Participant: 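One structure coming up, written as C-alpha cells, with questions to follow.
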Number of protein chains: 2
Amino acid sequence: MVTEPVSESDAGVLAQSFKALSDPVRLRLLSLIAARAGQEVCVCDLLDAFTQTAPTISHHLKVLRDAGLITGERRASWVYYRVVPAALSALSQLLDASAMTPRQTPA
Amino acid sequence: MVTEPVSESDAGVLAQSFKALSDPVRLRLLSLIAARAGQEVCVCDLLDAFTQTAPTISHHLKVLRDAGLITGERRASWVYYRVVPAALSALSQLLDASAMTPRQTPA
DNA sequence: CGTTGAGTTTGACGGATGTCGAATCCGATG
DNA sequence: CATCGGATTCGACATCCGTCAAACTCAACG
C-alpha cells in the first residue's frame, strides 16, 4: 500500500473485507472465534455473549463468511465456525505497509 | 484478540476504525497519502485521482481524520494530509493476532 | 476591500445496513 | 413419521451512509 497505491478494482474487494469488520457485533464474533485458534465454536456458544437475537447473529456470521474471514461447517445439529488465518493476515499486512515509518526506509 | 476477546466497549471504537476503511474511495485516499510516507499530500493532488466531487472527497477525508488514521494541517491556501502510523499499526497487530495459526503456539 | 481559488459545511436524496419476528430448513430423537 | 431444537432465510422497518449541488470559510492577491 505504501509502495504502490491500491488499484481501483482492488479497493472494492478490500473495502468489502474491512466492511465486514466494521460492526461491533461482528468484531466480537470474530474475536470469540479467533480466541479458539485452531479449534471451533458452535453458534449456540456464541449466542450467549450477545443480547441480539439468533437471526441477527446468523446474519453477521454470514457477512463474515461471505468476506472469507471465517468458514462454517455443519456437523449433526450444530454449525461450527473457524477463522481463516490467511484472510486476516492479508489485511494485517496491508495496514502494516501503510504504517511504515519514515525510519524504515526501503532498500 | 486471540488471547482475550475484544471487550464490548473496545469493539465500538475498533469497529469505527474499520468502518473508516470500509469504503473504496477512503481506502484509495489512505493509500495515496500513505504512498508519500513521511511527506504530505494536498487535497488538490488527491482530487485528480477520483471522479467524485470535492465535497465528497472532503467528507471522506473527515471520516479518516475522525478515526485518527490521518491528520490534516492547513498552510496558506492548501491543506496537507499525513498518515498516523501508530493508528494503522494498532489495527494491523489486532488482525495479526487473530490470524495466528495453530503452528505458532504461544510460549 | 472586492475577487478568486482551495477546501469544508450544509441540506437533501436514494440506496445500503442492522435489527427483529415469523417462517423455514435440517438433523436427531422418540 | 411426528416432533423438537439448532440455525438460517425472509420480509419489514428504522437508521445510517455515500453522493452531489449550493452555500460558506479562509487566505492570497490585485
Side-chain angles (χ1 to χ4, degrees), chain A residues 6 8-9 11-33 36 40-82, chain B residues 6 8-9 11-33 36 40-82:
Chain A
V6 174
E8 217 163 327
S9 53
V13 316
L14 286 172
Q16 198 173 4
S17 297
F18 284 119
K19 188 171 298 186
L21 298 173
S22 72
D23 180 274
V25 173
R26 286 197 289 270
L27 221 41
R28 290 179 57 215
L29 276 172
L30 184 66
S31 166
L32 288 170
I33 298 173
R36 305 273 214 286
E40 303 166 312
V41 194
C42 87
V43 178
C44 50
D45 288 342
L46 296 171
L47 283 175
D48 298 341
F50 298 89
T51 63
Q52 356 312 76
T53 65
T56 298
I57 299 301
S58 191
H59 162 68
H60 286 306
L61 287 171
K62 177 175 171 53
V63 173
L64 290 171
R65 222 180 329 127
D66 288 349
L69 302 179
I70 62 175
T71 58
E73 182 195 353
R74 179 176 208 117
R75 278 206 309 281
S77 289
W78 299 274
V79 175
Y80 296 92
Y81 281 97
R82 233 177 307 185
Chain B
V6 174
E8 216 164 328
S9 52
V13 316
L14 286 172
Q16 198 174 3
S17 297
F18 284 119
K19 189 171 297 186
L21 298 173
S22 72
D23 181 273
V25 173
R26 285 198 290 270
L27 222 40
R28 289 179 56 215
L29 276 172
L30 184 65
S31 167
L32 288 170
I33 299 173
R36 305 276 213 285
E40 301 166 314
V41 193
C42 88
V43 178
C44 50
D45 289 340
L46 296 172
L47 282 175
D48 299 340
F50 298 88
T51 62
Q52 352 318 72
T53 64
T56 297
I57 299 300
S58 191
H59 162 68
H60 286 306
L61 287 171
K62 178 175 171 52
V63 173
L64 289 171
R65 222 179 329 123
D66 288 349
L69 302 178
I70 62 175
T71 58
E73 183 194 354
R74 179 176 208 116
R75 278 206 309 280
S77 289
W78 300 274
V79 176
Y80 297 91
Y81 282 98
R82 231 175 308 182

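Letters go in sequence order (proteins before strands), and every chain restarts at 1. Every value quoted in this text rests on a predicted model; they were computed, and no experiment measured them. All values below come from the heavy atoms of this structure, side chains included, with hydrogens, waters and symmetry mates left out.
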Participant: For residues B:Val63 and B:Asp23, determine if any side-chain heavy atom of one lies less than 4.5 Å from a side-chain heavy atom of the other.
Facilitator: no
Participant: Using a cut-off of less than 4.0 Å, is there contact between a side-chain N or O of A:Ser77 and OP1 or OP2 of D:dG5?
Facilitator: no
Participant: Keeping B:Ser31 on the side-chain end and A:Val6 on the backbone end, is there a donor-acceptor pair under 3.5 Å?
Facilitator: yes
Participant: Measure the CG-CG distance between A:Leu64 and A:Leu27 for me, rounded to the nearest 0.5 Å.
Facilitator: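 Rounded to the nearest 0.5 Å, the CG-CG separation comes to 9.0 Å.
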Participant: Rounded to the nearest Å, what distance is computed from the CZ atom of residue B:Arg74 to the P atom of nucleotide C:dG5?
Facilitator: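 After rounding, the gap between these two atoms is 16 Å.
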Participant: Taking only N/O atoms, report every protein-nucleotides 9-12 of chain D pair under 3.5 Å with atom names and distance.
Facilitator:
none

Participant: Over how many whole Å does the gap from A:Asp66 atom CG to C:dT17 atom C1' extend?
Facilitator: 14 Å
Participant: Check every strand shown and say whether B:Arg26 touches a base, only sugar-phosphate, or nothing at a heavy-atom separation below 4.0 Å.
Facilitator: sugar-phosphate
Participant: Between A:Lys19 and D:dC17, is there a contact of a side-chain N or O with OP1 or OP2 at under 4.0 Å?
Facilitator: no
Participant: Can you measure A:Tyr80 atom OH to C:dG27 atom C1' for me and round it to whole angstrom units?
Facilitator: 12 Å
Participant: Specify the separation, in whole Å, of atom CG of B:Leu29 and atom P of D:dG18.
Facilitator: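 Distance check: B:Leu29 CG to D:dG18 P gives 12 Å.
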Participant: Specify the separation, in whole Å, of atom CD1 of B:Ile57 and atom P of D:dG18.
Facilitator: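 Value for this atom pair: 12 Å.
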Participant: Specify the separation, in whole Å, of atom OH of A:Tyr81 and atom P of D:dA7.
Facilitator: 9 Å
Participant: Per the end-axis method with five pairs at each terminus, what is the bend angle of the helix from C:dC1-D:dG30 to C:dG30-D:dC1, to 10°?
Facilitator: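 End axes: 10° apart.
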Participant: Given D:dT19, C:dG7, D:dG6, which nucleotide is nearest the side-chain atoms of B:His60?
Facilitator: D:dT19
Participant: Starting at the 5' end of DNA chain C and moving along, which residue's nearest nucleotide shows up first, A:Asp23 or A:Arg75?
Facilitator: A:Asp23
Participant: How long is the straight-line distance from NZ of A:Lys19 back to CG of A:Asp66, given to the nearest 0.5 Å?
Facilitator: 13.0 Å
Participant: Please name the pair of heavy atoms, one in A:Tyr81 and one in A:Val43, separated by the smallest distance, quoted to 0.1 Å.
Facilitator: CE1-CG2, 3.5 Å
Participant: Output yes when a side-chain donor or acceptor of B:Arg28 lies under 3.5 Å from a complementary backbone atom of B:Ala49, and no otherwise.
Facilitator: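 Looks like yes, one N/O pair under 3.5 Å.
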Participant: Between A:Ser22 and A:Ala76, which is nearer to the 5' end of DNA chain C once each is assigned its nearest nucleotide?
Facilitator: A:Ser22
Participant: Is there a side chain to side chain contact (heavy atoms under 4.5 Å, CB included) between A:His59 and A:Gln52 once you walk through the steps?
Facilitator: CA-CA 11 Å; A:His59 162 68; A:Gln52 356 312 76; over 6 Å; no
Participant: Let's see if you can work this out: which of D:dA7, C:dT8, C:dG21 has an atom nearest to the side-chain heavy atoms of A:Val43?
Facilitator: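 Between D:dA7, C:dT8, C:dG21, the one nearest the side chain of A:Val43 would be D:dA7.
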Participant: Taking all non-hydrogen atoms of both residues into account, name the closest pair between B:Ala20 and B:Ala67 and its distance.
Facilitator: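 The pair with the smallest heavy-atom distance is CB-CB, 3.6 Å.
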Participant: Can you tell me the distance, in whole Å, between the CZ atom of B:Arg28 and the P atom of D:dG18?
Facilitator: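 B:Arg28 atom CZ is separated from D:dG18 atom P by 15 Å.
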Participant: Measure from the side chain of B:Gln52, starting at C-beta and using heavy atoms only, and say which of D:dA7, D:dA28, D:dC20 lies closest.
Facilitator: D:dC20
Participant: Rounded to the nearest 0.5 Å, what separates atom CG in B:Leu47 from atom OG1 in B:Thr56?
Facilitator: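 One finds 10.0 Å between CG of B:Leu47 and OG1 of B:Thr56.
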Participant: Are the side chains of A:Leu61 and A:Leu46 in touch, meaning some heavy atoms are under 4.5 Å apart?
Facilitator: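 Yes, at least one pair of side-chain atoms sits under 4.5 Å.
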Participant: How many Å lie between CG on A:Leu47 and P on D:dG5, as a whole number?
Facilitator: 15 Å
